[in-house]
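Notes to accompany the following structure.
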Amino acid sequence: MKMLMDPNICNFSLGDANKARKVVGKKLMDKIPELRDKVLRQAKSEKLGQYVWRYGAGPQMGYSFSVVMALTHLTRSSRG
């Protein structure tokens, strides 16, 4: 959810981006509409918000790792 923190995209705080990651990653269906509204509201433009939701957040539903978690798995798997 790093893209949500970009000041040129949605300018989420670190805490808000982490909450978004949890909503998406754990498929918290009751919180997804709220997150979608926040993305659309905070995006620099309506079209950008729709793009971010459709191609950034949407495809990650149910499968989203933090950068730290992804790097940990990557370094462990590359050790062979």
Close side-chain approach of N18 to R21, heavy-atom, < 4.5 Å: yes
4.5 Å side-chain heavy-atom contact, N11 and D6: no
Straight-line distance of W53 CH2 to C10 SG, nearest 0.5 Å: 10.5 Å
Atom CZ of R54: over 12 foreign heavy atoms under 6.0 Å: no
Approximate separation, where rounding is to 0.5 Å, of L48 CG and Q50 CD: 10.0 Å
Closest non-hydrogen atom pair between L4 and A20, with its separation: CD1-CB, 3.7 Å
Nearest-0.5 Å distance, CD of residue Q42 to CG of residue D37: 11.5 Å
Interatomic spacing from NZ in K26 to NZ in K31 - rounded to 0.5 Å: 10.5 Å
Single-linkage hydrophobic cluster, 4.5 Å side-chain cutoff, Y55 and V39 together: no
Close side-chain approach of E46 to L40, heavy-atom, < 4.5 Å: no
Pairwise distance NZ(K19) to CG(L35) - rounded to 0.5 angstrom: 11.5 Å
Over 12 foreign heavy atoms within 6.0 Å of NZ, K38: yes
Side-chain touch V52/M3, heavy atoms, less than 4.5 angstrom: yes
Cation-aromatic face contact K2/F12, 6.0 Å, 45 degrees: no
